[in-house]
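Read the structure below first, then the notes.
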Number of protein chains: 2
Amino acid sequence: MTRVLVVDDEPQIVRALVTNLRVRGYEVASASTGEEAVERVARGRPDVVIVDLGLPGIDGVEVIEAVRGWSSVPIIVLSVRDAERDKVRALDAGADDYVTKPFGIEELLARVRAAARRVAPAAEAAAVVAADFVVDLAARHVRNASGEVRLTPTEWHVLETLARHHDKLVTQRQLLQQVWGPAYETETNYLRVYMAQLRRKLEPDPSRPRSLITEPGIGYRLRTREGGQPTSGGPPA
Amino acid sequence: MTRVLVVDDEPQIVRALVTNLRVRGYEVASASTGEEAVERVARGRPDVVIVDLGLPGIDGVEVIEAVRGWSSVPIIVLSVRDAERDKVRALDAGADDYVTKPFGIEELLARVRAAARRVAPAAEAAAVVAADFVVDLAARHVRNASGEVRLTPTEWHVLETLARHHDKLVTQRQLLQQVWGPAYETETNYLRVYMAQLRRKLEPDPSRPRSLITEPGIGYRLRTREGGQPTSGGPPA
DNA sequence: CGGGCGCGCCAAGATCCCGTCAAGGCGGTC
DNA sequence: GACCGCCTTGACGGGATCTTGGCGCGCCCG
């Protein structure tokens with residue numbers, strides 16, 4: 001969830017923004033002074049900061065400069081001042097955007113989305129951990145105890161499909177459709193060949209698979225280390 | 001040097017912007033139609049794009065959508081339209097900023113600086129260290145044991161793309177889109193030629209590459225010295 | 001208890017993909 | 001105007017990969 005920090009000294013502005021953002025599914029915090037704002041950015045690590053220029057105590061521009069000393073969080077400035085000089089000052093201090101009051105709430109929300117979008121890509125780090133190997137979906141590779149395992153395109157595609165639904169049952173039809181296309185729904189032969197291949201490369205004992213599980217008559221399942229099984233206990237004999 | 005692409009169909013606007021930007025030390029290119037704009041983004045690799053909404057032929061928003069399909073270059077929209085709906089549309093299509101005409105040139109320049117600043121950190125983040133050479137993304141050059149290696153523009157562009165996703169697999173499509181543009185998605189010939197060229201210049205034994213790895217049927221990967229250990233970044237605590 | 005079905009396994013042929021080389025065209029520079 | 005470097009394009013082995021068929025075994029069902 002995207003976290004937004006709203007900084008303004010006028011309570012009704014803060015209230016309006018916080019309400020609108022919360023309705024849109026953002027997680028919102030607020031601050032009413034510059035000092036508090038800097039503190040909250042440090043503590044809360046928001047994904048986007050909305051800051052008013054006319055703050056009591058330390059000025060909005062000083063807040064921007066302070067934050068920019070150690071963070072690159074996107075900052076959107078709100079201000080009643082429309083003078084070009086003010087905009088240039090704020091932007092050059094490190095702000096990402098400058099919106100003049102009065103503003104439309106939809107416009108501001110769109111600018112928040114634009115700012116949040118820029119930081120989004122860093123968030124995703126997907127790795128599926130099985131008993132004897134790790135599937136890194138982002139880097140598109142698999143590692144086991146002896147290092148990186150080389151997979152062919154089709155092998156990877158099958159494993160990737162299982163990994164994206166880890167611990168869930170994936171039917172043969174799903175797999176065949178995903179990897180070979182809708183025309184191959186019935187070619188269960190392919191699955192047998194490639195599951196065997198994957199087990200040979202990834203399972204310590206391919207004849208007794210621990211992670212690449214067959215669900216007879218239905219499909220296959222990739223069991224993760226924590227995911228699949230009930231918490232405590234005895235391994236099934 | 002920061003490279004800016006200006007897209008507008010009114011010659012006097014283009015001229016004014018180009019002049020102002022050049023005086024400030026930017027390297028500026030321009031386009032007057034949407035098609036030309038997309039082409040120039042693909043070829044010229046600008047650091048910032050300034051685009052007018054009211055273009056003949058394909059619309060400004062469509063240009064944004066097309067570019068966003070394969071590039072994350074900052075886009076600043078210019079428009080005479082001040083309606084909130086237009087702003088939201090452009091921003092949600094992928095624009096980073098929206099400036100209403102008439103605008104102050106100083107404000108626009110400040111917004112260009114703000115946009116350019118955001119891409120800078122990624123570039124200065126640095127140097128990708130492979131087994132036998134070092135790719136310095138900021139300085140735009142490559143060094144191996146015998147010193148600096150001369151690369152042609154296209155060679156560099158390919159290597160740069162791999163380096164920006166080091167240890168991750170980059171698909172053939174991604175590479176072709178980044179380097180040659182969206183229209184060249186299927187020209188895998190180019191990749192073979194240029195990967196061979198890069199290996200000849202950078203690998204100690206080009207026939208047995210250690211860093212520029214082929215993933216058959218999928219794409220290529222630049223392997224760094226440490227390997228793919230997740231070095232996920234976070235700001236200092 | 002017997003039969004059928006589904007799964008694991010193996011091997012061989014056909015196909016696709018990659019690396020390599022070389023020549024032609026284009027634009028920029030001297 | 002000539003030269004040079006770079007990009008584009010085509011063709012050609014060699015090797016990895018996909019496809020395909022067949023066989024035996026165990027489990028479920030009749």
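By convention in this document, chain letters (A, B, ...) are assigned in the order of the sequence lines, proteins followed by strands, and residues within each chain are numbered from 1.
- Between A:D136 and A:R143 no salt bridge is recorded (no basic side-chain N to carboxylate O distance below 4.0 Å).
- Across all strands shown, A:R150 has heavy atoms under 4.0 Å from sugar-phosphate atoms exclusively, and none from any base.
- The side-chain hydrogen bond (donor to acceptor under 3.5 Å, both in side chains) check on B:E36 picks up B:S32, with sequence neighbours excluded.
- Applying the side-chain contact (heavy atoms from CB on, under 4.5 Å) rule to B:A131 yields the partners B:R210, B:S211; only residues at least two apart in sequence or on another chain are considered.
- The CZ-C1' distance, from B:R208 to D:dG15, rounds to 15 Å in whole Å.
- Distance B:H157 NE2 to D:dC6 P: 17 Å, rounded to the nearest Å.
- Every residue two or more places apart in sequence or in another chain that forms a side-chain contact (heavy atoms from CB on, under 4.5 Å) with B:D47 is listed here: B:T2, B:R3.
- Within 4.0 Å (heavy atoms only), A:T188 reaches no atom of the nucleic acid at all.
- Going from atom CG of B:L191 over to atom C1' of C:dC16 covers 17 Å, rounded to whole Å.
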Could I get a table of every N or O pair under 3.5 Å where one atom is in the protein and the other is in nucleotides 27-30 of chain C?
none

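- Considering B:D8, B:V99, B:L78 as possible partners of B:I50, the one that fulfils the side-chain contact (heavy atoms from CB on, under 4.5 Å) test is B:L78.
- Residue B:K201 contributes atom NZ, which lies 18 Å from atom P of C:dG19 at whole-angstrom precision.
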Only distances under 3.5 Å count here; give the side-chain donor-acceptor pairs of residues 157-165 of chain A to other protein atoms, sequence neighbours excluded, each with its distance to 0.1 Å.
unit_1: A:E160; atom_1: OE2; unit_2: A:R164; atom_2: NH2; d: 2.8
unit_1: A:T161; atom_1: OG1; unit_2: A:H157; atom_2: O; d: 2.8

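- Applying the ring-ring contact (aromatic ring centres under 6.0 Å, His included) criterion to A:Y220, with sequence neighbours excluded, gives no partner residue.
- Rounded to a whole Å, the CG atom of B:L198 is 13 Å from the P atom of D:dC6.
- Straight-line distance from the CG atom of B:L212 to the P atom of C:dG19: 10 Å, rounded to whole Å.
- For B:S207 and C:dG19, the shortest distance from a side-chain N or O to OP1 or OP2 is not below 4.0 Å.
- Taking for each of B:G219 and A:I218 the nucleotide of DNA chain C with the nearest heavy atom, the 5'-most of the two is the partner of A:I218.
- Pairs engaging residues 56-71 of chain B under the salt bridge (charged side-chain N to carboxylate O under 4.0 Å, His left out) rule: B:R68-B:D96 [sequence neighbours left out].
- Put simply, CE on B:M195 is 17 Å from P on D:dT8, counting in whole angstrom units.
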Next item on the list: Quick one, give me the B/S/- string for nucleotides 18-30 of chain D, reading 5' to 3', where B means a protein heavy atom under 4.0 Å from the base and S means that only happens at the primed atoms, P, OP1 or OP2.
Entry: SBB----------
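- Residues satisfying the ring-ring contact (aromatic ring centres under 6.0 Å, His included) criterion with B:Y26, sequence neighbours excluded, are absent altogether.
- Axis orientation changes by 30° from one end of the helix from C:dC1-D:dG30 to C:dC30-D:dG1 to the other, with each end axis drawn from 5 pairs and the value rounded to 10°.
- Contacts classified as salt bridge (charged side-chain N to carboxylate O under 4.0 Å, His left out) and involving residues 11-35 of chain B (residues at least two apart or in different chains) are given here: B:R24-B:E106.
- OP1 or OP2 of C:dC18 has at least one side-chain nitrogen or oxygen of B:Q172 nearer than 4.0 Å.
- B:F133 is linked by a ring-ring contact (aromatic ring centres under 6.0 Å, His included) to nothing, counting only residues two or more places apart in sequence or in another chain.
- At whole-Å resolution of the value, CG in A:D205 and P in C:dG8 are 14 Å apart.
- Counting heavy atoms from C-beta on, the side chains of B:V63 and B:V49 never come closer than 4.5 Å.
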